[in-house]
Structure formats: C-alpha cells, structure tokens
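What follows is a short report on a single structure.
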Amino acid sequence: MPLYGPQFSARPQDTYRVLRSMGSIAPIELSPGVFGLITTTYAAALHLLRNTPHHFAKNPRWWRALAEGQVPLDSPALMMMQARDNALWKDGPEHTRLRTAIIDSLAHINPHALRARVKRIADALIDALAPHGKADLVGSYAAELPMRVLFELFDCPPEIGLRIVGSLIRLFDTDQDAAAANADLEAACLDLTHLKRSSPGSDVTSWLIAHPARLTDAEMVQTILLVIGAGTEPSTNLIGNALKLMLTDERFSGSVIDGAQSVVGALDYVLWTDPPMANYCPLYAYQDTVYDGILLRAGVPILVSFAAANTDPTLNLTDAHLAGNDAHLAFSAGAHGCPSPDIARVITEVAVERVLDRLPGMELACPVDQLERRPGTFHSGWTAVPVIFPPIATSGESWTPPPRPAAPTASTAPHPTFTPRPPSSAPKARRRPWNFLVKWWRGQ
Ligand code: HEM
C-alpha cells in the first residue's frame, strides 16, 4: 500500500486499518519506487523500539536497496532516511555519546525561564496578528514560534540566524543549487560553533561545546541542525493540530475557557490520536528474523508507525483514558526516544494557551472540511488553520503577516534534522513559510 499521495494524506487512518488487517507489520511503498514495511500495532512498534540497537539498526548503512542503488536519488523518502552524522542515525556507543551530549545540554534549560521565554515570543507574534482580525494560525504562528524559541536557546545571533534561514529557504523553497545552500547552512552553524567556542555563554550551543563528549566542529554542526530541526517541525504540527481541534471539536472548544487543563487535555488527545510525527524511526533487521509470524528480511526498512500504534484498537482506549495518559508513542521510546518531551510540552502548551487567552472570540474562517492536511509519509499536520477574531489594537510594531504557503508539491515535508539531501537528489519539497523568519531577523 502506498504511504503517500492525496488519499493517504486525507485519511491516514483508513490506510492504517487496511494495513493492520494484513498483519502487525505490513508491506508499504514509502514513496514512489521505495519499498519497506510498517508496524501497525502498539505491540509491534514497542518490539522494534525496545530491540534497537540489539536486533535492529537505525543506521541506514544497513539499508540494502540503498546500498544496491535501487532507491531513486530524488526520492522524498531518501531525504528523510539517509545517513547523517548525528545521533538520530547512529547506533551503540556512537549514538550514546552524541545523545548524552544533547540530553545533558538540554537539561540546563530552566523550565520556568523557558515558559517565560515562550510566552514573550508568543505574545510578540500575537501582537502582530491581533489588529488584523484574521490570521493563519499555522503559517503566522505555529510555524514561527518553535523556531524562534530554539534560535534563542542556542543564542544564535541575528546575522547567523539570517544565514541559516536563508539557506533553508534556498534548500526547501527554491530551485537554487541545493549543494551550495547546504554548504552555506553548515557554514553558518560552524560560525555559530566558532563564536561560542571563543565566547561561551549560558546557551545550548555553549553547553554542547563544553560537554565531556568533546564534540568536533563537524559533530557540532550536525547536532545543532538535528536539535533545531527535531525541535521545530513536530512542535509546529502539535500546536496547529491542537488549535484546530479546539476550534472544531465541541468536546474541547466547550472547555477552552476553563483554563489550562483543557489545553493539556487537547494536547494529550492529539498526541494519542494524531501524533505530529506519524511514521518514522526507520529500522533495519541485521539478519532475517520473524516477528508475529511475519518474515522481516535483513536490510529492508521498517517504519515505526506512532499513529497506528496509538490508535491500535486492541488498546481499548476511550477518550476518558487519554487525558493525562502519556503511555502513547508520539515521542517514540527506547534508545532513540525523544530526549525532550518536557521542553516540547512547555513550548506547545504555552503557545496554545496564549492564543486562546489573547484572541477571544476566535473562529475558524472556513468550513472545517476545507482544511487541508499536510501531504507526506512522515509528518501529520494541517497546511493552514485560518481564523477570524475581533481585531484588537496592540502597541506592537507594524508587521505584515507572512503570505500563506503555496500549495505543497512534494509528498514529504523537510527533514526534521534539516540536514539536506545530496545535490543530485534534491526534490523541491512543499513550500514552508520561511520568509517570516527573514522578516523577523531583519526586525520587520
Ligand atoms: C511535539 C514535539 C515533539 C515530538 C512529537 C517529538 C517526537 C520525536 C520522535 C517521534 C522522535 C524519534 C525519531 C526517530 O527515532 O526517528 C524524536 C527524536 C528526537 N527529538 Fe523530538 N519531538 C518533539 C520535540 C522535540 C524538541 C522540542 C526537541 C529539542 C529541543 C527534540 C529533540 C529530539 C532529538 C534530538 C531526537 C533524536 C534522539 C535520538 O535519535 O537519540 N524533540 N522526537
């Protein structure tokens, strides 16, 4: 079954149901010409995650079809699954070393200070939207906020931030040379590393540099890209998915004014029913093995479906079981499980709370069936959530909301690590409203 295309994107649960009927691990086409397997149950997902790296590898050097040149070089799946020099794609001691540096560095972040920081950034974004009486909550808010937060946490100066954003725009949104854009992106991260090596401060970049793992410059570059990328795209989707839910589902919209608990409940509900990373963590059996009567051939990619696992009917979960229950797999589990669910929760909770507090009377600006889901195998979110609300005068500087992103053209989203594809395999992915970041860095 194809795990891409308009039919899959519009109703992914239909596809998971059919796949589940084939077995707890079922065959899929990840993107045109790229074949593999996917878990369809909670138990199968946990089995794979718990047995990595002992029986399954994360490192794509085990991907047989890739080694044999059978994966189209311009495949969107390749962009999301190719080897990169960071923790996401390593196994064993190499992985532990890089992951420990990330975990220890992020542990320096004070949750109270983070909450205040997110609130300040959210309020600045809302100040800019409020007088207009209308906004796209994805393009003008959910897509901007996590990136701004991450850049601040890394203490990325405007000049370098502008180069990072400019490179990303060139990588994802234009027909420019992907190799040159990649080189510029890495050069900007290297400059940030050099800057922080010479003048360290209280920021994630400096904590990574000071870590006993002694990351090289090249490892610093890839780790910066991993953490910024992994921290932004799923957070954007979770904010957008939760706001959409609260605007359209009476069970949540009715309780919005009750305060923060309804926001937490909506976030939990989304993490269970529509996780921002729907399918990922591609794994490879080292040798032919059998699980639940299904032959898993060595070197064949097996995606872990967090979305199918969380909605596995054998869990017998009702809505009443979901709030406050974090046994879902939205943050994955095991060796590569998300190291920062607490940071993700602060960013997304505050983001949703501030919109609801500051823009009372907000309503969806179109019928709910006109909302479009983002295309793609890996991410789950909405392309736009347009709203109207009574305009509010603010003292904020004049600011023009960024344009709505153009209709997506590729079947996948940019890689959460932002580590670019090789030049020859540069599909032009769906457009993302990166321009807002350029405006931001320029103080517009
Ligand atoms: C709602 C927000 C988030 C969700 C749903 C989420 C989900 C995930 C998932 C499913 C993975 C596993 C990916 C894989 O194995 O292929 C992962 C890994 C990771 N996440 Fe998150 N994440 C979120 C936010 C964040 C934030 C805010 C940060 C950092 C500040 C972060 C940093 C990372 C890193 C570094 C990894 C790689 C870990 C490793 O391979 O050892 N994530 N995340």
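Read the numbers this way: they start at 1 and go in the same order the structure lists the ligands and their atoms. Note that these values count all heavy atoms, side chains included, but never hydrogens, waters or copies made by symmetry.
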Using a 4.0 Å cut-off to any heavy atom of [X], which atoms of ligand 1 qualify?
X: F306; answer: 10 (C)
X: H95; answer: 39 (C), 40 (O), 41 (O)
X: A87; answer: 40 (O)

| said: Can you see whether N279 engages S305 through a side-chain donor-acceptor pair at a distance of less than 3.5 angstrom? | reply: yes
| task | Look up atom CD1 in I209 and atom CG in L215, then write down how far apart they are to the nearest 0.5 Å. | result | 9.0 Å
| field | Separation of D14 CG from R17 CZ (nearest 0.5 Å) | value | 5.0 Å
Among all the protein's non-hydrogen atoms, which is closest to [atom], and how far away is it?
atom: atom 16 (O) of ligand 1; value: K58 NZ, 3.0 Å
atom: atom 1 (C) of ligand 1; value: L238 CD2, 3.5 Å
atom: atom 40 (O) of ligand 1; value: H336 ND1, 2.8 Å

Donor-acceptor pair, distance only, cut-off 3.5 Å: does the side chain of [X] make one with the backbone of [Y]?
X: N86; Y: T223; result: no
X: T40; Y: G23; result: yes
X: S380; Y: M277; result: no

| request: May I ask you to say whether E219 pairs ionically with K90, meaning some side-chain N is under 4.0 Å from a carboxylate O? | output: no
| said: Below 4.0 Å, non-hydrogen atoms only: which portion of L88 touches ligand 1? Side chain, backbone, both or neither. | reply: both
| field | Count of N, O or S atoms belonging to protein, less than 2.8 Å from atom 21 (Fe) of ligand 1 | value | 1
In a table with atom names and distances, give each donor-acceptor pair under 3.5 Å that connects a side chain of residues 313-320 to protein atoms at least two apart or in another chain.
| unit_1 | atom_1 | unit_2 | atom_2 | d |
| --- | --- | --- | --- | --- |
| T314 | OG1 | D312 | OD1 | 2.9 |
| T314 | OG1 | D312 | OD2 | 3.2 |
| T318 | OG1 | A320 | N | 3.4 |
| T318 | OG1 | H321 | ND1 | 3.0 |
| D319 | OD2 | R251 | NH1 | 2.0 |

| query | Between the candidates K90, R345, R99, H328, which shows the shortest non-hydrogen contact distance to atom 38 (C) of ligand 1? | reply | R99
| message | My understanding is that we take every heavy atom of each candidate and find the minimum distance to atom 10 (C) of ligand 1. Doing that for A335, G334, A330, which one comes out nearest? | response | A330
| task | Run through R11, R373, K244 and flag the one making a salt bridge (charged side-chain N to carboxylate O under 4.0 Å, His left out) with D274. | result | R373
| query | Looking only at N/O atoms, are C281 and ligand 1 under 3.5 Å apart anywhere? | reply | yes
| query | Would you call L296 and V300 a side-chain contact if the rule is heavy atoms closer than 4.5 Å? | reply | no
| said: Could you check whether any side-chain heavy atom of P53 comes within less than 4.5 Å of a side-chain heavy atom of K58, counting everything from C-beta outward? | reply: no
